[in-house]
> 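I'd like to ask some things about the structure below.
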Amino acid sequence: MKHIPRIAQGERRQAFMLLVAAALGQGAMLVVSALAVREAIGVARTGGQIIPFGAFATLAGAGVGLAVLRYAERVLAERVAQNYVSELREMLFLRFSKAPALWLAQRRAGALSLRFVGDLTAIRNWVGVGLARTISASTMLPIAFVVLCAIDLRLGFGAGVPVALTLAIILRLGPPLREAQAEARKRRARLAATMSERLQQATALRRSGRMSIEKRALRAQSAEIIATAMKSARLSAAIRAMPDAASGIAGAVTLLICFQYEVPIGETVAALLTLSMIVRPMRHIADIRDRRSTWLVASEKLEKALNTPQIKRLGRQLRDPRDGRAALMVRGLPLADTCIDLKLSRGAIRLLTPEDSAKSSLLLMLAGGLEEPEAGYFRVLGRHPAELAPQALLYLGGASPTLRGSLRRDVLLGTGRTLDDEKIISVLETLGLRPLLNRIGGLNGRIDEGRRNLSAAEQRGVLLARGLLAQPKLALIDADEIGLGPNDISMLISHFRDIGSAALIATSMGGGSLADEVAITLEQTVPASTVQKTKTHNDTEKERKPHEQTDSSCTSR
């Protein structure tokens, strides 16, 4: 199981140690301030004519030192938080990049994006503020009570009782607060995911007559959020208000003890000063409880996100050195209702026709975008797809990557190449995309997210241009999925033949001149014995050699 990393590890360890030192320094400033006040009041009580400049200077220096240490604490904590969140952000992105494409497609985009926004913000707030305040409060409170006990043991006991009771109540309210925050967060996340889906279609929804339905649903979700948010707010407000009550009670008890037992005025003032410094860490503890509850809820979601399904790497037990000489080697791979057996020699081009099984899933799996079944075996250029260099394998299909940005980047995305603009423009003009270039302002023109500003024909042309600009060792083309016609496929076949690339093309247009062109290509690049149709497991069972037998789970299919 993948866990979120520890906070105080790696390069953060040193900054974390400095945070502890800053907290201890603040405690030392508290002690120095109390001693300076007691000295100054003691001199005043004796009626001495000498002004205690040393005590005044010490008190002023302690105040400046306290300010510097609090500044350093905040800066160091933010540095640790930003570094930690950056590591988590990278971990999340890498985990999602290794998840099966089908799993990602089944998730709501708004819900996934919240992992990078809401959850990481909660974690940054805890590490950058809550954790620093935890260290500071856990240092300042014990030191403050040590100072009180040093002044007079009765003062330490009298002030400690209301403070301890308050801390106990704050701790007791922690679990209910966490539950309320978790429920509120879940409802907010659900609303965010729902609205992210609908905002892109708001105009179409209005034209479809659904506005009254959508408004009712939005009001209902908003009412649920308000109810859970108010419960969380009441608990949070109660926790944050308690330190003020505790400080007032502790102050009254301290004064009562001082009057009753005739504590000297110097010690009384020093005790009150110490109590005033307890208020701040007490408020921090209330804030810590709130932030920690949010942190725990967010960290649970991140733990779950970090344990998303991952595409498994192929084991070593089925390796065959001869597979490295083929562009593709597939044996006994269970897909749909059959087991696929396929061998594609390097430089060969072949079609997957409607009679072949699960074409899109097969291509996506060979491209490394789909989790492989437990049974079966395949090799792409002698390796697992994840081990191939980007320029070695080209996949064009429904899961082809696209990013908001320039047309230049979209055309070259996934090719692993950097080309001159003249070459790119020449290919685009050959495909009849000069109107697109003029409309968006050339190769620097912006392509919107999901290519929403392109027509279906322009989207097909961009992917076709990507194929014609790439020089892979193997191309996997899901022609039907991206709308390629016979002429488009013929252009790709000619391109791959010229550069000596192998290609596996899934299309429902496998007959006629297109099949003849593939046959001609095969005759020119590989022996005629390799020109064969994809067979199922049952068709090839007798033809296999003993070392090519696959898992018995395929035999029953």
Side-chain angles (χ1 to χ4, degrees), residues 327 344 346-352 363-364 366-367 380-381 388-403 405-440 442-445 447 451 454-507 509-510 513-518 520-522 524-525:
L344 181 68
R346 291 182 181 256
I349 298 175
R350 64 174 301 166
L351 304 177
L352 289 176
L363 292 183
L364 191 56
L366 296 176
V380 179
L381 299 172
L388 297 173
Q391 63 270 20
L393 177 66
L394 174 70
Y395 167 78
L396 295 181
S400 293
T402 178
L403 293 172
S406 68
L407 175 61
R408 180 190 296 102
R409 182 174 68 178
D410 200 358
V411 168
L412 296 177
L413 194 61
T415 66
R417 304 188 70 196
T418 302
L419 299 174
D420 294 335
D421 288 356
E422 292 77 8
K423 173 65 175 176
I424 301 174
I425 292 174
S426 175
V427 171
L428 292 174
E429 289 180 338
T430 300
L431 298 176
L433 294 178
R434 167 51 68 179
L436 170 63
L437 287 167
N438 294 337
R439 178 167 61 85
I440 66 174
L443 294 179
N444 291 323
I447 303 296
R451 300 195 185 98
L454 302 188
S455 66
E458 290 170 339
Q459 294 182 40
R460 173 189 59 79
V462 168
L463 288 176
L464 180 57
R466 186 182 295 180
L468 295 176
L469 290 169
Q471 292 188 354
K473 294 180 180 179
L474 171 66
L476 303 171
I477 313 296
D478 198 345
D480 290 347
E481 190 74 15
I482 58 178
L484 299 183
N487 293 335
D488 302 327
I489 298 174
S490 295
M491 294 176 66
L492 288 173
I493 290 173
S494 177
H495 171 67
F496 295 140
R497 180 181 60 201
D498 292 342
I499 63 176
S501 296
L504 188 62
I505 305 173
T507 176
M509 297 168 285
S513 60
L514 190 59
D516 295 337
E517 186 169 356
V518 174
I520 293 172
T521 303
L522 287 168
Q524 293 176 346
T525 56

> Judged by atom type as modelled, is there a donor-acceptor pair below 3.5 Å linking the side chain of Asp488 to the main-chain atoms of Gly485?
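Yes: the side chain of Asp488 pairs with the backbone of Gly485.
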> Between Thr402 and Gln459, does a side-chain contact (heavy atoms from CB on, under 4.5 Å) hold up when you go through it step by step?
CA-CA 10 Å; Thr402 178; Gln459 294 182 40; over 6 Å; no
> Would you please test Arg408 and Leu419 for side-chain contact (heavy atoms from CB on, under 4.5 Å) and show each step?
CA-CA 9 Å; Arg408 180 190 296 102; Leu419 299 174; over 6 Å; no
> Specify the closest pair of heavy atoms between Ala503 and Leu474, including all atoms of both residues, with the distance to one decimal.
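Scanning both residues, the minimum pair turns out to be N-CD1, 4.2 Å.
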> Measuring only between side-chain heavy atoms, which start at C-beta, is Arg439 closer than 4.5 Å to Leu454?
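Answer yes - side chains close enough.
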> How far does CZ of Arg451 sit from CG of Asp410, to the nearest 0.5 angstrom?
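If we round to the nearest 0.5 Å, Arg451:CZ and Asp410:CG are 4.0 Å apart.
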> What distance do Asp421 atom CG and Asn444 atom CG have between them, rounded to the nearest 0.5 Å?
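Answer rounded to 0.5 Å: 7.0 Å.
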> What is the distance from atom CD1 of Ile447 to atom CG of Leu407, rounded to the nearest 0.5 Å?
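Interatomic distance, Ile447 CD1 to Leu407 CG, rounded to 0.5 Å: 4.5 Å.
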> Tell me the closest heavy-atom pair linking Ala327 and Ala502, and the distance in Å.
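Heavy-atom minimum between the residues: CB-CB, 3.6 Å.
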> Of all heavy-atom pairs between Ala479 and Ile489, which one has the smallest distance, and what is that distance?
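Ala479 and Ile489 have their closest heavy atoms at CB-CD1, 3.7 Å.
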> Rounded to the nearest 0.5 Å, how far apart are CZ of Arg466 and CG of Leu396?
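It is 7.0 Å, given to the nearest 0.5 Å.
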> Under 3.5 Å, is there a donor-acceptor pair between the side chain of Ser490 and the main chain of Pro486?
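Yes, the answer is positive, given that a donor and an acceptor are paired below the 3.5 Å cut-off.
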> Can you name the closest pair of heavy atoms from Ala475 and Phe496 and give their distance?
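The pair with the smallest heavy-atom distance is CB-CZ, 3.4 Å.
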> Could you tell me which non-hydrogen atom of Thr415 sits nearest to which non-hydrogen atom of Ala470, and how far apart they are?
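Smallest heavy-atom distance, with atoms named: CG2-CB, 3.8 Å.
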> Quick one: CD on Gln391 to CG on Leu393, what's the gap to the nearest 0.5 Å?
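With rounding to 0.5 Å, CD (Gln391) is 10.5 Å from CG (Leu393).
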> So do Ile505 and Ile493 actually touch side chain to side chain, heavy atoms under 4.5 Å?
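The answer is yes; the side chains approach within 4.5 Å.
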> Please test Leu436 against Val462 for side-chain contact (heavy atoms from CB on, under 4.5 Å), starting from the C-alpha separation and ending with a verdict.
CA-CA 10 Å; Leu436 170 63; Val462 168; 4.3 Å; yes
> Treating Glu429 as the side-chain partner and Arg434 as the backbone partner, does any N or O pair qualify as donor plus acceptor under 3.5 Å?
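No.
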> Quick check against the 3.5 Å criterion: does Thr430 have a side-chain atom that pairs as donor or acceptor with the backbone of Ser426?
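At least one qualifying donor-acceptor pair exists.
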> Could you check if a side-chain atom of Leu484 sits within less than 4.5 angstrom of a side-chain atom of Leu492, using non-hydrogen atoms only?
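With C-beta onward as the side chain, the pair touches.
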> Which atoms form the tightest heavy-atom contact between Gly461 and Leu433, and what is the distance?
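That would be C-CD1, 3.7 Å.
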> Hey, could you give me the CZ/CG distance between Arg417 and Leu469, rounded to the nearest 0.5 Å?
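Spacing of CZ (Arg417) from CG (Leu469) equals 7.0 Å.
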> Go through Leu476 and Val380 one step at a time and tell me if the side-chain contact (heavy atoms from CB on, under 4.5 Å) criterion holds.
CA-CA 11 Å; Leu476 303 171; Val380 179; 5.7 Å; no
